[in-house]
Amino acid sequence: MLVWIIFIVGILIFLALDLGVFNRTPHIISTKEASIWTAIWVTTSFLFSGVIYWIYSNGIVDNVDNLTPSNATIKYITGYLIELSLSVDNIFVIAVIFTSFKIPLKYQHRVLFWGILGAIVFRALMIFFGVMLINKFSFTTYIFGAFLIFTAYKMLISKEEEKFNPKKSFIYRQIRKIIPITSHMQGEKFFIKLKHINAATPLFVTLVIIEFTDILFAIDSVPAILAITADPFLVFSSNIFAILGLRSMYFFLSNMLERFSYLKYSLIAILSFVGVKLILVHHFKFPEWVSLVYIALALTIGIVVSLKLSEKEENK
């Protein structure tokens, strides 16, 4: 448990520094600042693979699957790449939500901070129950695998014009039933007092919708990483690093999301692969390097093709 405690305390310390020191005063996150933080988080995430190797070499964490240090490291990196690729899809939806509620750029970081804090808690719960289900009921791998393939199919046939409208969502309608909502904002407050009643500001409504949206995305991402490993620490740590890097990645990519429109097909390929992997897990085991190479290749091809084609369209 010591490794778990140190890891979680480390994350909480950084989050406290993030809100209390680095972003104490609300400000617009520039592309340069976002790119620096994105590079820091991606670099830190990959460097942590060295920590994973050391932990599993010395038997410091409970090695439930008897993984070798090399296999544990590969599984961590593969899991991180899966979570990173799926989080890009999340960024598109976050951008739509912020635009819909007209959230000023300087307050978006605060919403994402609390959203990510909630996401960590919900992901931890989903990982715990997901690992428990796979370990207790082996047939759940077929259910998770089929679900991921179905999700990939839905992404493939979905049309571009099918836009997500947060103000017509089920969550927004339920919030309006529970608490009064105002379109006015007072700085970065989530609630304000209007004529003797407390009303939720667009910041709070946005936070709740983003939180529930992340839960929906986790329904895809948690089974996807469980196709790589059911080791709780590997699943949790790779998830957390992907989530922590999500904010800076959002500000880095928000102005050029349209340039990555073909990345959707990379996600379809990744979800299909891990779905098949889960279904076949009791009959055939893919070598660890195959999963890593396939996912890295699918991501690279998606990024390169998106940038090349968007460049051609701009030059027309």
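By convention here, the first residue in the shown sequence is residue 1.
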Non-neighbouring partners of Phe144 that pass ring pair (Phe, Tyr, Trp, His ring centres under 6.0 Å), sequence neighbours left out: none

query: Ile6: which other cluster members, linking ILVMFWY side chains closer than 4.5 Å, directly or transitively?
result: Leu2

task: Using side chain to side chain contact (heavy atoms under 4.5 Å, CB included) as the criterion, point out the one residue from Leu67, Ile225, Val61, Asn71 that pairs with Leu234.
output: Leu67

- prompt: Between Phe251 and Trp37, does the ring centroid distance fall short of 6.0 Å?
  reply: no

- request: Tell me, please, which residues at least two apart from Ile171 pass side chain to side chain contact (heavy atoms under 4.5 Å, CB included).
  value: Ser169, Ile175, Val208, Ile209, Phe212

statement: Contacts of Phe122 meeting side chain to side chain contact (heavy atoms under 4.5 Å, CB included) (sequence neighbours excluded), chain-then-number -> Glu211, Ile215

- request: Of all the heavy-atom pairs spanning Ser85 and Ile82, show the shortest one and how long it is.
  value: OG-O, 2.7 Å

message: With rounding to the nearest 0.5 angstrom, report the CG to OG1 distance, Asn198 to Thr182.
response: 12.0 Å

Show which side-chain atoms of residues 289-302 pair as donor or acceptor with protein atoms under 3.5 Å away, not counting sequence neighbours.
from, atom 1, to, atom 2, distance (Å)
Tyr294, OH, Ala269, O, 3.1
Thr300, OG1, Ala296, O, 2.7

For residues 47-58, dump all side-chain donor-acceptor pairs below 3.5 Å to protein atoms at least two apart in sequence or in another chain.
from, atom 1, to, atom 2, distance (Å)
Ser49, OG, Phe46, O, 2.4
Tyr56, OH, Asp231, OD1, 2.9
Tyr56, OH, Asp231, OD2, 3.1
Ser57, OG, Tyr53, O, 2.7
Asn58, ND2, Trp54, O, 2.7

query: Looking at residues at least two apart in the chain, or sitting in another chain, which of them share a side chain to side chain contact (heavy atoms under 4.5 Å, CB included) with Lys32?
result: Ser30, Ile36

field: Pairs where residues 66-80 contributes a residue and the test salt bridge (charged side-chain N to carboxylate O under 4.0 Å, His left out) is met, not counting sequence neighbours
entry: Lys75-Glu288

- prompt: Which atom names give the shortest non-hydrogen contact between Ile74 and Thr78, and what distance separates them?
  reply: O-OG1, 2.7 Å

Could you give the side-chain donor-acceptor pairs of residues 145-155 under 3.5 Å, partners two or more places apart or in another chain?
from, atom 1, to, atom 2, distance (Å)
Thr151, OG1, Phe147, O, 2.8
Thr151, OG1, Asp220, OD1, 3.4

- request: Work out which heavy atom in Ala119 is nearest to a heavy atom in Asp214; give both atom names and the distance.
  value: CB-OD2, 3.3 Å

query: Could you give all pairs that pass the salt bridge (charged side-chain N to carboxylate O under 4.0 Å, His left out) test and reach residues 78-87, with sequence neighbours left out?
result: Glu83-Arg123

- request: Kindly give the cluster partners of Met132, where membership spreads through any ILVMFWY side chain lying under 4.5 Å from a current member.
  value: Phe128, Phe129

message: Going by side-chain hydrogen bond (donor to acceptor under 3.5 Å, both in side chains), name the residues that satisfy it together with His184, two or more places apart in sequence or in a different chain.
response: none

query: So, Tyr250 versus Phe98, ring centres under 6.0 angstrom or not?
result: yes

